[in-house]
Every structure is written in structure tokens, then in C-alpha cells.
2 protein chains.
Amino acid sequence: MTKLDRFDLQDFLPYLLNQAAEDASAGFQAFYKERYGMLRTEWRVLFHLGRYGEMTAKEICERARLHKTKVSRAVASLGKRRIVSRRTLENDRRQEMLYLTKQGEIMFKELLNAAQRYDAELATSFSAEEGAVLRRCLKRLAGL
Amino acid sequence: MTKLDRFDLQDFLPYLLNQAAEDASAGFQAFYKERYGMLRTEWRVLFHLGRYGEMTAKEICERARLHKTKVSRAVASLGKRRIVSRRTLENDRRQEMLYLTKQGEIMFKELLNAAQRYDAELATSFSAEEGAVLRRCLKRLAGL
DNA sequence: ACTTGTTAGTTACATTTTCAACTAATACCC
DNA sequence: GGGTATTAGTTGAAAATGTAACTAACAAGT
């Protein structure tokens, strides 16, 4: 069975992608976890509100491709810590507009800077052309 | 703050990698989950034993970069289902050599074929050159 | 107005993951 | 040989995730 010889686990794209994602995320994840006691979903919610402005939980779900229960719990946790606030929409009282508090804004800016530094550091692993191809392929795979 | 405008979440490599990894894994994951009731760690253990031959849990941990508790539980589950068997080493009775049963071999071969087909399908998303760059970059990021 | 259906978001429960403590076997070293 | 430290692997409790059922508000058709 010659096929078998050719197929290494490191050539299997899902595996390779997961390993790379884990490795690439690990450093930054450790940073916001130990420094801000923040979870990954929480960081994503924070980033969305900080970067794109106030929006509802539903919008975050769609943009970040997160399940609504994950977002719900992240928002609850961020709310408890006064990082995120909410206000019920008057025209549709099912929806709540979410936004960052002052404290949330500060935290966001710090984390944004850290993220940019981290990303720049990662980018040193490959040339500009490689980086461009990489991002292009990843976006295609992620359906972005 | 012009920096802020430049930094989109989809340009943040850890985020992009995670999205791509999730998307790329989803289809295959669904397959082995619903068809074989298999978890991701279990599939990895199965693959390692099937592709690289018998080895100890420790070796699987190192090669697959999995925590020992995850491997321990995956092996326990695969053992219960007679997919994996084990034999204590005589020269060091702490270690156990793990290997696939007949049934495990069959399952591995089926899954291997499915994985190869799946990988080939994913590869149609980009050109040969792109694919080569992608894999090269991912390996570097994953420290492989 | 009233039934039926849909949507935003929460909650409860089962599964999975993580972390720390544990057991059993070996190694080191005096 | 006997104490201490490591190592392979397991187990238990806590945290996180996934899934499904739920509540509350709105929409649409009659």
C-alpha cells in the first residue's frame, strides 16, 4: 500500500492548521489569560466591540462565527466585571445593544497594542510574499 | 489613532488560523464523529498507531503534542471499544506499548482513505504553488 | 384580537477539557 | 540496601463547551 507511505499526518491540512493555530495562539492567549483573566471568547467579544463599535450579541455571533451561548456567557462575564455594558433597544426589546465601558475601552486598547506587536512578531517567520499567500489561503479556507 | 484602522481581526494571524482550522476540520470531524463515534483526540491516537506503528502513550503525547490526560482517556475509550490494545513492557513496567487491534486496523484504513480524499478536496481551493507555500508556512508556525 | 411562527438571548444538563493530585514503577545516590 | 527524586500513566474535581429546551418579545395571517 504505497498510498500509506505518502500520507503523513503533517501533510493533512486540518491537522496542520490546528497545530499551527494552537502554537500561534498560545503566546497571546497566555498573555490575556494571565494578565486580564480573560477567555478566548471574551477577548473576541471585547475586540469586536472595541474595533467595530457597539452591536448586539447576534451581530457578534455572525461576525465572529461564535455560537450564541458562548457569546451570551462571555457578555455576562464581561458585564459582571464592568468591561461591557448593555442597553435594551426601544424599538425591539428582545435585542440589547452592547458596548464597552471606559474601563473596557482601556483594556481593549492595551490588548490591541499587544495583539499588533504579537502579530508583527509572528510575521517575522516568513517573507512578505509568503505572508500574503498564507493570509490569502487562510481566508479562503475560512470562507472569509 | 490610525493604527486602529489598519488592524482588522481577519488580519490577526492567530484568529485567522483558528477560523481556517475550524472550518477546514469541520467536515472531516463530522464524518468520523457521526460515523465512528470518534473524538478528535481518539482519531489522532488511532492515526498515530496506524500510520507509525505501535508506541507508548508518552510517544503519542510528544508526537501529537497532546496532554497525557487526553491521551490516557482516548486510549481508555479506544480500548473499551476493542480498537486499541496494550501490553506492558517487560523491562519497564510503567510503560505500555499500544497497538491497533484487527478491528482498529480496518477502521484506520477506512479513515485514512477518507482523510486523503478530504485533503485532496481541500487542496482544490488553491494552486500547487499556493499549497506549497501554505504548508511550508504552517509547518514553520507549528514548529514542525 | 388570537393563534401560530420566528427571533434574541438565557439557562440547564451532558460532554469534554484542564489542572492538580495521585499510584506504581524505576532511577539515583549516599 | 534505603531514602529521595523522576517518570508513565490514571483519576477526581473544576472549568469550559455543546446541545437542547426554554422565556420573552415581536411578526404575520386570519
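Order of the sequence lines fixes the chain letters, A, B, ..., with proteins taken first and strands second; residue numbering starts at 1 for each chain.
One interatomic measurement links the two molecules: CE of B:M38 to P of C:dT15, which rounds to 18 Å at whole-angstrom precision. When the P atom of C:dA8 is taken as reference, atom CE of A:M55 falls 15 Å away, rounded to whole Å. Rounding to whole angstrom units, CD of residue A:Q29 and P of C:dT17 are separated by 15 Å. Atom CH2 of B:W43 is separated from atom P of C:dT16 by 18 Å (rounded to the nearest Å). Atoms NZ (A:K58) and P (D:dA24) sit 21 Å apart, rounded to a whole Å. As a whole-Å value, the separation of B:E59 CD from D:dT7 P is 16 Å.
Between B:R87 and B:E54 a salt bridge is recorded (basic side-chain N to carboxylate O distance below 4.0 Å).
Every pair passing ring pair (Phe, Tyr, Trp, His ring centres under 6.0 Å) that includes a residue from residues 114-144 of chain A is listed here, sequence neighbours excluded: A:F28-A:Y118. Applying the ring pair (Phe, Tyr, Trp, His ring centres under 6.0 Å) rule to pairs touching residues 61-104 of chain A yields nothing, sequence neighbours excluded.
Contact check of residues 78-96 of chain B against DNA chain D (heavy atom, cut-off under 4.0 Å) returns B:R86, B:R94, B:Q95, B:E96. The stretch residues 61-76 of chain B comes close to DNA chain D through B:K68, B:T69, B:S72, B:R73, each having a heavy atom under 4.0 Å from the strand.
A:S77 and A:R81 share a side-chain donor-acceptor pair at under 3.5 Å. Side-chain contact of B:D8 with A:Y52: a donor-acceptor pair under 3.5 Å is present, judged by distance alone. The closest side-chain donor-acceptor pair between B:Y36 and B:E110 falls under 3.5 angstrom.
Looking at residues two or more places apart in sequence or on another chain, you find no salt bridge (Lys or Arg N to Asp or Glu O under 4.0 Å) involving A:R35. Shown here are the salt bridge (Lys or Arg N to Asp or Glu O under 4.0 Å) partners of A:R86, two or more places apart in sequence or in another chain: A:E96.
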